[in-house]
*Asks:* 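I'd like to ask some things about the structure below.
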Amino acid sequence: MRVAGYGRVDRGAALSFRFDGRPLRGFAGDTLASALLANGVRLVGRSFKCHRPRGLLAAGSEEPNGLVSVAGVPNLRATMVELAEGLEAQAQNAWPALGLDLMAVNDLFAPFLGAGFYYKAFMGPGRTWERVYEPLIRRAAGLGRLGRAPDETWRETAYAHCDLLVIGAGPAGLMAALTAGRAGRDVILAEEDAAAGGRLLAEDEEVDGRPGADWALAVARDLAAMPNVRVMMRTAVTGAYDGGTYAALERAAPGHAGPRETFWRIVAPRAVLAAGALERPIAFADNDRPGIMLAGAARAYLHRWGAVAGPRVAVFANNGGAARTARDMARAGVEVTGVFDAREGAHVVGSRGRQGLRAVTVEAGGRRHAVPADCLAVSGGWSPNVHLACHLGARPVWDDRLAAFLPPQDGVPGMVPAGAAAGVFSTAGCLASGVDAAVAALGVDALELPRAEDGAYEIAPLWHVPGKRRAWLDFQNDVTVKDVQGAAAENYRSVEHMKRYTTQGMAPDQGKSSNLLALAVLAEATGRSIPETGTTTFRPPYVPVPVGAMGAGGRGRRFAPERLSPANDAIAGRGAPTVEAGLWHRPSYFPAPGEGWEAACAREAAMVRNAVGVADVSTLGKIDVQGPVAGAFLDFVYANGISTLKAGRARYGIMLREDGHVMDDGTVARLGDDHFLLTTTTAAAGPVMRHLEFVHQCLRPEMDLRMVSVSDQWAQFAVAGPRARAVLGAVLEGGLPDPFPFMACGAVSVGGVAGRLFRISFSGELGYEIAVPARYGTALYAALLAAAEAEGGGPYGMEAMNVLRIEKGFLTHAEIDGRVTAHDLGLGRMVAEKDCIGRVAAGRPALTDPARPRLVGVRTVAAGDEMTAGALLFAKGNRPTAPNIAGHVSSVGWSTVSGRMIGLGFLKHGPERLGEVVRLVDRLRGVWTDVEITAPCFYDTEGGRMRG
Amino acid sequence: MRYSAWQVIRQGLTGNRGWAPVWRDPAPRPAYDVVIVGGGGHGLATAYYLAKNHGITNVAVLEKGYLGGGNVGRNTTIVRANYLLPGNSEFYSHSLKLWEGLEEELNFNVMHSQRGVINIFHSDAQRDAAARRGNAMLAQGDDAILLDRDGVRAMLPYLDFDQARFPIHGGLYHPRGGTARHDAVAWGFARGADRLGVDLIQNCEVTGISVEGGQVRGVETTRGAIRAGKVGLAAAGRSSQVAAMAGLRLPIESHVLQAFVTEGLKPVVDHVVTFGMGHFYISQSDKGGLVFGGDLDFYASYAARGNLPMAEHVMEAGVALMPMLARARVLRSWGGIMDMTPDGSPIIDRTPVGGLFLNAGWCYGGFKAVPGSGWSFAHLIATGAPHGPAARYRLDRFARGDLIDEEGRGSQHNLH
Amino acid sequence: MRIDCPLCGARDRREFHYLGAAVYLDRPGPAAGPEAWDAYLHQRENPAGRGRELWCHEAGCGAWLAVERDMTSHAVVSVRLAEAGA
């Protein structure tokens, strides 16, 4: 019902909307909730467990009952949905319809659905829980439907910094922001609501001689005009974190063109918590009937939106809110059928009506009588919004006079509570408190205060009215006074036990308006005071935050950076499918027309063995180390000796972690006396760089050297195969340097560009790697390919590279998996007798045990047999059970030179078992094969081809 | 009082006034045969099995706060036996078998739901690693199925198969894995232990451990001194502080792990799904909340709360893997304190102090371990000898190099 | 959480990489014996209060930092360059 002459909605801007398919009309400035009330809609939802009909309780984000789905987004609070033309909202948790919900049959079984009933039944036998009971419970539980379609809503994350964050734009927050803003400080004022003013929008009060809402609007405008103040409306501060960091969720106004939601991280060394207070109800029998709402919400609907829940209003309160509500309703011409002030002994003890309130039962002076009412405005008092002040673990402090918890002192460093959030409930007090808070936070000058009402807040605590029928505490989870009393009787006496056993406060509203009532009931039931009973923990977020807002950076391909080789354009032009290697995309194989991956791989491997191939190895990590003691430093970080390397030469190196396991391998090239270039594997480039800096800065700070990652600065290509010399000869200015023996390195010139040449081989063939500055990568790759193709060669990808290296027993992270030692890899002799990272720990007894699984080669006994990586190895005749596991296969490939599947793996006592036939078992993929254990090299074991 | 559907109906018909207390609330006695420090899942399960399996009922469980108030009440409730390495493989296999009969064993519905765990992999290398793990699981006698991309799509059609930054190559499916109602596990073991005569003493903080001549004699508490022939420490999250009372230093660094739950939703995620590239895992509780988490916050912490960078990373991973998740809303976040060890695996062992036993270092795998850990720790305390499936969880394994490093990350505590 | 890098100023936690307790600065000599190495690699004081640890300003200047921090409140007490020694 709309009240003439009341509300700040724009009656000139009518809007059409639908609720559960029903066409309705409201005005600009309405929320869905106010528009529903104005249309006489009291039934807005169904409760979680008992499917009881429910109406609006509150007018803000704490609303427990008015949850709706809009455009496939479930559980939106009707009180926070701004009305827009064409809005379509659906009620939730009712079937087939909100008015006729067959699931309401649950309510008949309520005696058997008390707190924790499911812990005491539905047990076994066997898997009946999963098969029978659980699906029923899951279907019955839950509120809205998520929908499995992708969510395409535009959301963003953002950072902001300020001197002072003011949380809440009620009278206290506005004055705090004004005080700091006038003093020239950088201020962010964040307000959850779409309008500034807080309770000034909801009450009939004057500030500085004009309506409070007008005053608030004017102040908010002044603030918005200040260059050092940022006013963020529709922005709920959702969490307080360490170091003065706050999280906030900004919603876009209807029709706004930008992102619908933005998740802010606001860094503010000082904050004023002016988040107001939340009203709480009083529990009495059947207190959940639609039409029963908080008194402050009833006044808010009247003053802000000109809406009431019906023509006849009764009031029940334990504080001054009773008289204020009755006064305001009467002034607006709404019939007030009764005012029941608990302080005077009047209690509401029951309610009547099917899907909406018709009458309340009142007990006063020992007599009971029915009072007709469409709306009962209830107030059990106000609770300061201490939530954010407790996010770092501090507990709120009980105040007997206010019958409420107050924010803890210094609960969040730099945060000062103000206004109703600090337990100051008069308008004049809030205005002064806001100024004081800004002064306390920043040491700025105080402002003169506007004039305002300064009444006292008097309350006589009343939490629940005793009675036989159910009296609701948590409306969303259907937790009643009896449930809490029952939990206490069963000895779930800790407040946490009570919460978890009854589910009190665990629904979408997190018990914002009910937790204190439940606590009081528990305190009473266990003979303790409320502060002795204590509260549960306040945890972020204050209001629910869409996963898609906080995780906006993860949508689609944005989740992680994509790294592409400097030669990517040339590679992509060859039609090679790519594989992911960490963040990199690398070419997998280069298919000829009609060719599958296996054929392409075999052809490319054969091409390298017989002619020449070109592969992009730009993704390898490259670290440039320079300084007079660089050699000594590298002796310390590599397990093998490096300083003995001569300038112009390269060496294979392994790096250990300090715990003695192999971290990474690569080559070290000495480009000059004081100049080294290290390569790392693609995946380990970052960690190795960090490790080297750690060793330098933390363990060897006296060493005079500098290092820098140059992974992105150089494009690098392997040229491998018997015809490699011809390819390089065609590309290098002045031809291939001569002599340039195996493991040589040096400067070269490619078309006038200074490059580097390394004679190293990861294929076992005559091989080189040539590097040029990254911007020339595409050009060099194209030139190398042209030269290679002239020699009967071409490009090869990761698949062929993998087969070639397995044939040679070279390692990747399939073998160096973080659990292996140099000893396991057969590289124990490389660990030099010197002090280096990892050497001592590598000598621990269990790490040098010959029975450890150690690197071997495996080849199928029968040429046509299958072999898979990830298969386990068992001694012949042993059953394939866990105690018998003798090893595993880490890498496999089809080897043309071996004419069969080969692989690398790890086998207990491996090097002592060469020639033994063992059983390869991959039960997961149904592969059972006899394989022969070999040395981990299948091709050119003497190495003549790569040295030649 | 025995719980059953009939009991629920009977009590319902009489106003639910007849329910017996779930446990007693005894005052501490001056002496016990065994004192367990820590009334979480592991401590309560240990007390239960001491009484049940070994007939040792003169036992007190001392809890500084409320029963089940530590990590057993603050986790993502996943129960699985999908480990790779000897040590973990047999231990978690044993624990899962205990889970499978737990409701009937405890006469308490812990809602153990074997809905299946699916680990998504994103590359050939990850497939090989998953295959090795799956084969180890099968060799242990547990179950594992390797799914290809289409197999995953058939089960989890809502994943992002087309746009995802890391392509979905397949998954390792562990049908017997699942979830359980975490609080109920603590309460079920507590009620079971209480019924067998164990004293559960809440709000009783241990402030000292008395050691004479290398032998434990009892503990000092905020409710007075208690003598005990044997003391078992099961105070994960505070293991270092409790052990320090007996002069021990542990190979443990404490870290915070966050988790998140959304508002209640109708059934939409029917399994436990993990995302290898994003350190993300998710399941849906029976109440409808999507429960999910990721990696540690990575810095040492005793504050049971996290910070934004990891929270955001977890959300990003969720959105990347399951685009529908974007419209779900996070209702609550929390953090638990993890005993992180240098190889990511736990410790169930004697200590250098006679009669003092240690159960610690569960990293973030402690919940699913509750029954197995209780069983093995009770065995160790009762007999003095390690229990088979937990025999590798030795305190000196780090010094010996006999590591159980599932992640292969090495001795840095926070990398497991 | 924010850390005040001596070279760059106060920056968000996400710019930093955490290693562990500052005991990593006190690397034993090669002949220090198994106990010293076990203590260095594994055993931790793990204080529920103030402790010193090593962080790297990896997404900033790259400096390794010795940070004194309260593990219970996350308050950062002091930050200095690790190369300046313990």
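Proteins come first, then strands; the chains are lettered A, B, ... in the order of their sequence lines, and each starts at number 1.
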*Asks:* Closest heavy-atom contact between A/Leu872 and B/Ala136?
*Replies:* CD1-N, 3.8 Å
*Asks:* Please look at B/Gln202 and chain A and tell me whether the side chain, the backbone, both or neither of the residue comes under 4.5 angstrom of a heavy atom of that chain.
*Replies:* side chain
*Asks:* Under 4.5 Å from any heavy atom of chain A, what part of B/Ile404 do you find: side chain, backbone, both or neither?
*Replies:* neither
*Asks:* Contact part of B/Phe260 toward chain A, heavy-atom cut-off under 4.5 Å: side chain, backbone, both or neither?
*Replies:* neither
*Asks:* Taking it one step at a time, do B/Arg132 and A/Val889 satisfy side chain to side chain contact (heavy atoms under 4.5 Å, CB included)?
*Replies:* CA-CA 8 Å; B/Arg132 183 181 167 202; A/Val889 177; over 6 Å; no
*Asks:* Please identify each residue that fulfils ring pair (Phe, Tyr, Trp, His ring centres under 6.0 Å) with A/Phe263, with sequence neighbours left out.
*Replies:* none
*Asks:* Which atoms of B/Gln7 come close to chain A, meaning under 4.5 Å heavy atom to heavy atom: side chain ones, backbone ones, both, or neither?
*Replies:* neither
*Asks:* Salt bridge check, A/Asp151 against B/Arg329: does any charged N sit closer than 4.0 Å to a carboxylate O?
*Replies:* no
*Asks:* Using every non-hydrogen atom in the two residues, find where A/Tyr492 and B/Val22 come nearest and quote the distance to one decimal.
*Replies:* OH-CG2, 3.4 Å
*Asks:* Given the options B/Glu263, B/Gln163, B/Glu406, B/Glu103, which has more heavy-atom pairs under 4.5 Å with chain A than any of the others?
*Replies:* B/Glu263
*Asks:* So which part of B/Pro267 gets closer than 4.5 Å to some heavy atom of chain A, the side chain, the backbone, both or neither?
*Replies:* both
*Asks:* Where is the tightest heavy-atom contact between A/Gly582 and B/Phe166, given as atom of each residue plus distance?
*Replies:* O-CE2, 3.8 Å
*Asks:* Where is the tightest heavy-atom contact between A/Arg557 and B/Ala164, given as atom of each residue plus distance?
*Replies:* NH1-O, 3.0 Å
*Asks:* Using heavy-atom distances under 4.5 Å, tell me whether B/Leu13 contacts chain A through its side chain, its backbone, both, or neither.
*Replies:* both
*Asks:* Name the region of B/Arg409, side chain, backbone, both or neither, that has any atom closer than 4.5 Å to a heavy atom of chain A.
*Replies:* backbone
*Asks:* Based on non-hydrogen pairs under 4.5 Å, which of B/Ala303, B/Gly12, B/Ala326 is most in contact with chain A?
*Replies:* B/Ala326
*Asks:* Measuring heavy-atom distances to chain A, does B/Asp183 have an atom under 4.5 Å in its side chain, in its backbone, in both, or in neither?
*Replies:* side chain
*Asks:* Look at the side chain of B/Arg305 and the backbone N and O of A/Tyr241, then say whether any donor-acceptor pair between them is shorter than 3.5 Å.
*Replies:* no
*Asks:* Taking atom types as modelled, is there a side-chain donor on B/Arg181 or A/Tyr119 under 3.5 Å from an acceptor on the other?
*Replies:* yes
*Asks:* Tell me, side chain or backbone of B/Leu67 under 4.5 Å from chain A's heavy atoms, or both, or neither?
*Replies:* both
*Asks:* Consider side chain to side chain contact (heavy atoms under 4.5 Å, CB included). Of A/Pro541, A/Pro546, A/Pro544, which one does B/Val330 pass it with?
*Replies:* A/Pro541
*Asks:* Of the non-hydrogen atoms in A/Arg265 and B/Leu308, which two are nearest, and what is the gap between them?
*Replies:* CG-CD1, 3.9 Å
*Asks:* Examine whether an atom of A/Thr153 lies under 4.5 Å from a heavy atom of chain B, and if so say whether it belongs to the side chain, the backbone or both; otherwise answer neither.
*Replies:* neither
*Asks:* Which bit of B/Asn16 is near chain A, if near means a heavy-atom gap under 4.5 Å: side chain, backbone, both or neither?
*Replies:* side chain
*Asks:* With respect to A/Glu580, which candidate in B/Arg165, B/Gln126, B/His169, B/His122 satisfies the side-chain hydrogen bond (donor to acceptor under 3.5 Å, both in side chains) definition?
*Replies:* B/Arg165
